Every structure is written in structure tokens, then in C-alpha cells.
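To start, the structure under review is shown below, and the notes come after it.
Please read all numbers here as calculations on a predicted model, not as lab measurements. By convention in this document, chain letters (A, B, ...) are assigned in the order of the sequence lines, proteins followed by strands, and residues within each chain are numbered from 1.
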2 protein chains.
Amino acid sequence: MGGDADTVEDLLSRLRAGGQRVTTARRAVLAEIVAAGSVHLTADDMARRIGAEHPDIHLSTIYRTLDALADAGIVAVARFRDEPVTYHLTDDVHHHAVCTTCGATLVLEPDVLDPVRRRLLRDHGFVADPHHLTIGGTCARCARDA
Amino acid sequence: MGGDADTVEDLLSRLRAGGQRVTTARRAVLAEIVAAGSVHLTADDMARRIGAEHPDIHLSTIYRTLDALADAGIVAVARFRDEPVTYHLTDDVHHHAVCTTCGATLVLEPDVLDPVRRRLLRDHGFVADPHHLTIGGTCARCARDA
DNA sequence: CTTGATGCAAATGGTTTGCATGTTT
DNA sequence: AAACATGCAAACCATTTGCATCAAG
């Protein structure tokens, strides 16, 4: 399923290497993100899930933790449509194609962007590192029905 | 400079065709969007600019106008980093490459995405119509300095 | 004249922050 | 012990909404 070899403890040690402390909240947040796999969680989603086990972990702590994890380059931020911001592991690079008619979502391998990357490098010297793009369009089913 | 032949009155007649009314506020908003060209404006930007001439046009009206224009397919919504939502003409298709180090922005012609579109069509039957993608990476200058 | 658009003020909702306290190192 | 993370409540900011009034058709 992709480079999902990341364990919570691995990631925590990356945090620690960055001079940050390891706490229950941070472990819990990372556990949720790892468990979610390619499903995208909002801060609130995490708060609700973590709350079952740790009712004392406050939403603001989750935001602060996500900030720290983002600073450390461990998680990346993504926006879907108008929904709240979501977070996912930086190591889990992929893109989405979203059907603007029915909302269906396709997960795309990162290499679909390779031609674009080559062109940006050639034409502009720009080293593209696209994470989590969302490409709109019409899915096969909706295109057929049109 | 792209298909910038859209005049405010052209666009207004599209609005009218959609059963919407044409008002001073709507004319003013469209005028700003057209004038801005490929610069992206937030609702607040427009409020400030329009306010010089029409101090009575309220920010909430601008939001409602932008909603109407978006429903009519005349303007499209785009998000930059964490900044507020920006609006641009739907006819003005382009993409961006943003340097995650220095924030520099490159405007990309729509055809840079063509290889991706072809691949999505071939592999998934997905008819991509990407508007205003933002591709992260490192610009030439920052890559050199690294 | 009728319906839809606007101004204003107040509500909303996600996210951030100040501060005192608890925890990691 | 010192520095940093947390809980809580309050602040923030972009955006939305209710309602009475005004203007476009």
C-alpha cells in the first residue's frame, strides 16, 4: 500500500531528533494519523477519536501538535474543497482526481506528475515537489452518462 | 496574455442569462476581477478597492455576489497556502508553481498539465479539467542557494 | 408590483493565543 | 530545576445569515 513502513515510534524519534519533546498527546496524534492510512483526518476528527481513550487531550493541543509535526516535516497539510484542513504523513505522497459531478475520488500515484516536474525543471529551473494535488474533472461513469 | 477578451458587460449578460439581476455591486465586483487580470483577489481586497468609489457596498454583499458569480460559472475559487480564498475568472485557466522556501510564484500555462490529463484519461477514463493547481517546490534561485 | 439584492449587525466555525499549571528532559 | 507542552477560556478572522429595506425586472 505504498511506503507505509512508518511506525509511530519511528516518527516520534524523528520529532525528538528535531529537539521536540515526546508526550502522550503527540503519540496519540501520530497513532491516529498512521492508523488512518490514506484517509484524511481533520484536527477535529483526531480529537474525537483520541477523546475516547484520552478525554483530557484538548483540541488546541492537537492543533499545536500538528503544527509541531508539520514543522518537523513529518506531517503535511492538505485542503479539500471547503472542508477543514486535513493532515497526512509527508511520506505518503499521492494525489487525487475528484469528479466534480459525483464527487468520486481517485487516488493517484505520485509519478503521474513526473512529466510536469520535468517540464518545470527544464523551462523554469523549478524543482517541483508536489504533494497532494487535487485535480478536478469528470469520472468515467459521469462522462459516459453525460 | 490568454483569453482575456472578457468584458464586464459580456460577463454581466451571462449572469443575466442565468436569471440573476444586474446591480451596481455586481458590476463593481466584476470590474475588479477583470481589472486584476491574473492577480488573485480576496473578497476583502475587492471590498477595499470598491470602497473607494462605492463606500456603501458592504463586504457581505461582495461575498454574496461572488457566490452568485461562482454559481453562474463565471468566477472560480482558488486557495493559496493559508490565505483567504481568492477569486478569478473561470475563463482564465492557469496554474501556479510556488516556492516553499521563498514564496515566489510562477504562473503556468494550462498545457503543462496535458500529459497528466492524457494519462488520467487512458488509465482511468477520467476527463481531467484542472483549474488553478498549485504545485509546490523549490524555485531556481532557492535551489541554487541550497 | 414582485422578487430578489443589499446593508447592517450578529452568529458561526475553524484555528490561534495568553496564561497558569503540569510534564519531559 | 529549566524548558517546554498542555488545559482552558477567550480572542481572532474569514465567511455566513436573519431581517428589514431598497432596487431591478
Side-chain angles (χ1 to χ4, degrees), chain A residues 8-9 11-32 40-51 53-72 74-87, chain B residues 8-9 11-32 40-51 53-72 74-87:
Chain A
V8 173
E9 292 305 322
L11 297 165
L12 283 172
S13 55
R14 277 211 255 162
L15 232 207
R16 194 180 276 120
Q20 301 270 11
R21 291 181 181 176
V22 171
T23 67
T24 312
R26 289 166 176 203
R27 207 180 301 269
V29 167
L30 270 177
E32 291 302 333
H40 303 4
L41 301 178
T42 66
D44 201 67
D45 290 335
M46 298 183 209
R48 228 170 309 104
R49 296 176 189 210
I50 292 172
E53 185 92 0
H54 307 280
D56 48 326
I57 294 183
H58 198 273
L59 178 57
S60 68
T61 299
I62 301 198
Y63 277 108
R64 280 191 275 226
T65 296
L66 289 167
D67 262 20
L69 292 171
D71 281 355
I74 296 170
V75 309
V77 177
R79 280 184 194 274
F80 262 123
R81 343 198 81 211
D82 345 285
E83 285 142 40
V85 167
T86 60
Y87 302 83
Chain B
V8 173
E9 294 303 323
L11 297 164
L12 283 172
S13 54
R14 277 212 255 161
L15 231 208
R16 194 180 276 121
Q20 301 268 11
R21 289 183 184 175
V22 171
T23 66
T24 311
R26 289 168 178 200
R27 209 180 300 269
V29 168
L30 270 178
E32 289 303 334
H40 303 5
L41 301 178
T42 66
D44 203 65
D45 290 335
M46 300 182 208
R48 228 170 307 105
R49 296 176 189 208
I50 291 172
E53 186 91 359
H54 307 279
D56 48 327
I57 294 184
H58 199 273
L59 177 58
S60 68
T61 298
I62 300 197
Y63 277 110
R64 281 191 275 225
T65 295
L66 290 167
D67 262 22
L69 293 171
D71 281 355
I74 296 169
V75 309
V77 178
R79 280 185 193 275
F80 262 122
R81 341 199 82 208
D82 345 287
E83 285 143 40
V85 167
T86 61
Y87 303 82

Nearest-Å distance, CD1 (A/I57) to P (C/dT23)? 12 Å
How far does CG of A/L66 sit from CZ of A/R26, to the nearest 0.5 angstrom? 10.5 Å
To the nearest Å, give me how far apart CG (B/D56) and C1' (D/dA23) are. 13 Å
Roughly how many Å is it from CZ in A/R26 to P in C/dT25, rounded to a whole number? 10 Å
Whole Å only: how far is the CG atom of B/L12 from the P atom of D/dG25? 10 Å
Among B/T61, B/I57, B/L59, whose side chain to side chain contact (heavy atoms under 4.5 Å, CB included) with B/I50 holds? B/I57
Could you tell me the separation between the CG atom of B/L69 and the P atom of C/dA5, rounded to a whole number of Å? 11 Å
Report yes if at least one side-chain N or O of B/Q20 is closer than 4.0 Å to OP1 or OP2 of C/dA5; otherwise report no. yes
Bend angle of the helix from C/dC1-D/dG25 to C/dG14-D/dC12 from five-pair axes at both ends, rounded to 10°? 30°
Please list, chain by chain and in numerical order, all residues satisfying side-chain contact (heavy atoms from CB on, under 4.5 Å) with A/R48, sequence neighbours excluded. A/D44, A/D45
Between B/T23 and C/dT6, is there a side-chain N or O to OP1/OP2 distance below 4.0 Å? yes
Side-chain N or O of B/R16 less than 4.0 angstrom from OP1 or OP2 on D/dA24? no
When the distance from CZ of A/R27 to P of D/dA5 is rounded to whole Å, what number comes out? 15 Å
Reading nucleotides 11-21 of chain C from the 5' end, what letters show protein touch, with B for base, S for backbone sugar-phosphate only, - for no heavy atom under 4.0 Å? ---SBBBB---
Separation of D/dC4 P from A/D71 CG (nearest whole Å): 14 Å
Starting at atom CE of B/M46, determine the distance to atom C1' of D/dT15, rounded to an integer number of angstrom. 14 Å
For residues A/T65 and A/M46, determine if any side-chain heavy atom of one lies less than 4.5 Å from a side-chain heavy atom of the other. no
So B/A25, base contact, sugar-phosphate only, or nothing? Heavy-atom distance under 4.0 Å. sugar-phosphate
Could I get the full list of side-chain hydrogen bond (donor to acceptor under 3.5 Å, both in side chains) partners for A/R14, not counting sequence neighbours? A/D91
Which residues satisfy the salt bridge (charged side-chain N to carboxylate O under 4.0 Å, His left out) test with A/R27, sequence neighbours excluded? A/E9
Please confirm whether the backbone N or O of A/A78 pairs with a side-chain atom of A/T86, one donor and one acceptor, at under 3.5 Å? yes
OP1 or OP2 of C/dA5 sitting under 4.0 Å from any side-chain N/O of B/T61? no
N/O donor-acceptor pair, side chain A/R21 with base D/dA3, under 3.5 angstrom: yes
The reported gap from CG in A/L12 to CG in A/L30 (rounded to nearest 0.5 angstrom) is 5.0 Å
By side-chain contact (heavy atoms from CB on, under 4.5 Å), which residues pair with B/E83, not counting sequence neighbours? B/F80, B/R81
